[in-house]
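Here's the structure we're looking at; comments come further down.
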Amino acid sequence: MRAIGIGALSLALVLTYAPSLWLMFLSLVSSRVDLSAGGFTLANYSALFEDLRWLPPLGQSILIAVPAAVAATLAGLFAGRAAGRHPNGALILTICLVPAIVPGVVMGASLFAFLRAVLGLRLGAWSIGIAQVLWAFPFCATLFFLRYRRFDPAWIDAAATLGVGPARAFVRVELPIVRATIFSALLFGFILAFTELPRSVFLRGTTTTLPIFQWAQASSHTSQAAITFGLSSLILLMTTAVIVPLIFKQQRAP
Amino acid sequence: MAAVPQRLDETGGAAAPAAPWRPDVVLTVAIGGLVALFPVVFALVTSFQSSSMTGFRWGFSLDAWRSVFESGRFTVVLETLGFAALIASVATLVSIPAAYVLRRTRPAVRAIALALMTAPFFVDLTARMFALRVGFSRDGAVESLLAPLGVAPGVVSEHLFGPAGVLLGLLSAYLCTAFFPVFIGISLIPGDVLDAARTLGSGDRRTLTRVVVPMAAPAIGAGFSLCFLCCLGDIVVARTITGEMVPVLGTSIESAVTAFRFPVVGALTTILFAAMIIIALVVRLILYTRRARQGTALA
């Protein structure tokens with residue numbers, strides 16, 4: 001049984017990571033068709049920094065994802081706090097989780113039809129921002145919900161006994177206690193917003209974020225390996241370097 | 001600072017305040033409910049409209065539904081449902097023994113494995129699928145590996161650029177969505193229960209099938225449902241790996257949006273929601289029946 005379990009776990013990890021590792025390998029070879037030709041090279045990476053067409057989409061992605069992460073964190077704090085302190089909190093959280101359960105293509109298409117066809121609005125960075133907030137919000141709300149389930153309300157009672165008002169108690173007592181969760185929500189929110197695609201594809205207008213740029217490159221079948229493989233490998237390495245230690249630390253926490 | 005005595009409710013969570021319907025709760029439920037209901041109601045309403053050059057011609061029409069059934073889109077819906085059900089089943093079956101073994105490993109190994117399973121959630125799916133496409137291509141990595149076994153060039157790639165490639169891509173992309181709920185469910189089973197099973201002479205296989213799976217059944221159902229939903233709404237995998245060769249529900253919705261056929265989008269989305277609700281009900285029914293049977297056996 002143990003052998004079956006280890007085999008299944010290995011299979012899961014291989015299936016999950018094979019494309020990513022293969023992607024990094026491709027970014028380091030000179031020919032993606034004949035792998036025996038040319039050997040390893042950094043030519044793809046030097047080409048990446050010569051052809052800078054990916055830079056405006058990257059800038060656009062950061063410009064949209066930062067406020068989206070902040071908005072998702074604030075909304076998540078509000079909703080997670082409300083649900084975490086409520087007797088039927090799990091039910092309230094379930095309602096908040098629906099945007100994550102509804103397939104992205106459905107949410108994107110529905111919002112596009114509503115905003116463009118019904119309201120006649122011009123779509124762009126703002127509508128992508130809405131899509132990113134909708135995607136990141138349920139995850140942020142879940143983080144705050146879990147934190148507030150373990151939040152001891154006696155701290156607030158103590159502050160009130162000492163004559164501190166609710167607003168001041170929130171700023172001076174609650175926020176410092178949930179500071180680590182705020183940081184996690186901002187980080188997760190940013191990464192989720194930064195990599196969001198299915199909703200953004202419909203709501204982009206003429207704006208191009210990095211995932212849309214890469215998606216267009218991959219869809220056009222004229223993709224340049226230098227851009228797609230090199231850039232994706234760099235993003236993958238940076239994301240993994242940030243996320244894995246964070247999750248590892250949380251798992252090891254008592 | 002002195003420790004402040006903690007108030008706990010019966011679930012071990014923080015005690016609820018006296019007035020449960022505070023303004024923040026009402027606002028959260030109202031806005032959350034609106035966002036949750038919006039795509040469902042909007043899809044249903046718009047599916048009974050007809051298209052115009054710019055959007056909708058408001059009224060009542062069954063044109064969109066007729067179009068869905070006559071244009072072959074419904075076949076695409078059924079095929080996508082089949083893909084999603086197959087991938088969700090395989091992912092769940094792989095996740096159960098993997099999560100069980102992971103639960104019993106040392107905390108450090110468990111933390112590393114979990115961190116590794118989490119990271120793909122944050123990595124661009126298009127790039128990963130694009131790499132798979134290159135690997136699947138004629139004379140690509142897969143064919144190079146199989147060449148020594150006498151597999152002729154083009155034989156495997158022909159299949160990998162079809163449904164087989166889409167299935168592999170979906171499994172690679174969404175296996176982790178089934179794994180996490182299953183792992184959480186299995187890791188929440190008290191250690192005493194597993195120890196008791198072992199003390200009573202139950203081997204690993206029997207403990208897994210007779211104790212772990214029944215106790216983690218709701219989480220296993222959640223893992224299956226989540227993976228199923230992700231596969232159902234995917235637009236990246238099939239398109240990136242096969243171009244337009246294997247149409248799926250997501251690309252069908254996308255093509256209808258591009259053609260400004262919004263009522264068709266509404267009809268397709270309504271079918272998708274109906275499928276989601278049916279799957280959720282079936283999973284609940286299976287869990288309910290299992291629980292009722294267990295209750296009868298105990299009685």
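In what follows, every chain begins at residue 1, and chains take the letters A, B, ... in the order their sequences are listed. Heavy-atom basis, side chains included; hydrogens, waters and symmetry copies ignored.
- Atom CZ of Arg205(B) has 12 or fewer neighbouring heavy atoms from other residues, nucleotides or ligands inside a 6.0 Å radius.
- Looking at Ala36(B), both its backbone and its side chain come within 4.5 Å of chain A, counting heavy atoms on both sides.
- Proximity of Phe137(A) to Val35(B): side-chain heavy atoms (C-beta onward) are nowhere separated by under 4.5 Å.
- Of the two parts of Ile92(A), only the side chain, counted from C-beta on, holds a non-hydrogen atom closer than 4.5 Å to a non-hydrogen atom of chain B.
- In this structure, the portion of Leu272(B) lying under 4.5 Å from any heavy atom of chain A is its side chain and not its backbone.
- In this structure, OH on Tyr100(B) lies 11.5 Å from CD1 on Ile4(A), to the nearest 0.5 angstrom.
- A distance of 12.0 Å separates CD1 of Ile31(B) from CD1 of Ile95(A), quoted to the nearest 0.5 Å.
- Counting heavy-atom pairs under 4.5 Å between each of Trp58(B), Phe179(B), Phe38(B) and chain A puts Phe38(B) at the top.
- Using a 4.5 Å cut-off between heavy atoms, Phe202(A) contacts chain B through its side chain alone, with no backbone atom that close.
- Distance check: Leu23(A) CG to Leu132(B) CG gives 9.5 Å after rounding to the nearest 0.5 Å.
- Of the atoms belonging to Phe273(B), it is side-chain heavy atoms, and not backbone ones, that fall under 4.5 Å from chain A.
- For the set Ala109(A), Ala113(A), Ser233(A), the count of heavy-atom pairs under 4.5 angstrom toward chain B peaks at Ala113(A).
- Contact tally against chain A (heavy-atom pairs below 4.5 Å) for Thr269(B), Val257(B), Leu226(B): the top residue is Val257(B).
- For Leu97(A), no part lies near chain B; criterion is any non-hydrogen pair under 4.5 Å.
- Ranked by non-hydrogen atom pairs under 4.5 Å with chain B, the options Leu134(A), Val98(A), Ile6(A), Val105(A) are led by Val105(A).
- For CZ of Arg206(B), the number of neighbouring non-hydrogen atoms (other residues, nucleotides, ligands) closer than 6.0 Å is 12 at most.
- Of all heavy-atom pairs between Pro39(B) and Val106(A), the closest is CB-CG1, 4.5 Å.
- Between Asp24(B) and Arg81(A) the shortest heavy-atom distance is OD2-NH1, 3.8 Å.
- Note that CG of Leu171(B) is 7.0 Å distant from CG of Leu11(A), once rounded to the nearest 0.5 Å.
- Contacts with chain A were tallied for Gly266(B), Ala256(B), Ser172(B); Ser172(B) has the most, counting heavy-atom pairs under 4.5 Å.
- Here the CG-CG distance, from Leu13(A) to Leu175(B), works out to 9.5 Å after rounding to the nearest 0.5 Å.
- For the set Ala131(B), Gly233(B), Pro23(B), the entry with the most heavy-atom pairs within less than 4.5 Å of chain A is Ala131(B).
- Annotation: the span from Thr28(B) atom OG1 to His86(A) atom NE2 amounts to 10.0 Å, rounded to 0.5 Å.
- The aromatic rings of Phe262(B) and Phe112(A) sit tilted relative to each other, their planes meeting at an angle between 30° and 60°.
- Chosen from Cys96(A), Gly89(A), Ala12(A), Pro211(A), the residue pairing most often with chain B at heavy-atom distances under 4.5 Å is Ala12(A).
- Residue contact with chain A, scored on non-hydrogen atoms closer than 4.5 Å, involves the side chain of Val265(B) exclusively.
- Residue Arg147(A) places its CZ atom among more than 12 non-hydrogen atoms of other residues, nucleotides or ligands, all under 6.0 Å distant.
- Residues Val201(A) and Glu254(B) share a closest heavy-atom pair of CG1-OE2, 4.3 Å.
- A pairwise comparison of heavy atoms in Arg128(B) and Pro19(A) identifies O-CB, 3.4 Å as the closest pair.
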Mind running side chain to side chain contact (heavy atoms under 4.5 Å, CB included) on Phe42(B) and Val118(A) for me, showing each step along the way? CA-CA 11 Å; Phe42(B) 188 74; Val118(A) 177; 4.0 Å; yes
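- Contacts of Leu197(A) with chain B are made by side-chain atoms alone, with heavy-atom separations under 4.5 Å and no backbone atom involved.
- Looking at Leu268(B), there are no atoms closer than 4.5 Å to chain A (heavy atoms on both sides), in backbone or side chain.
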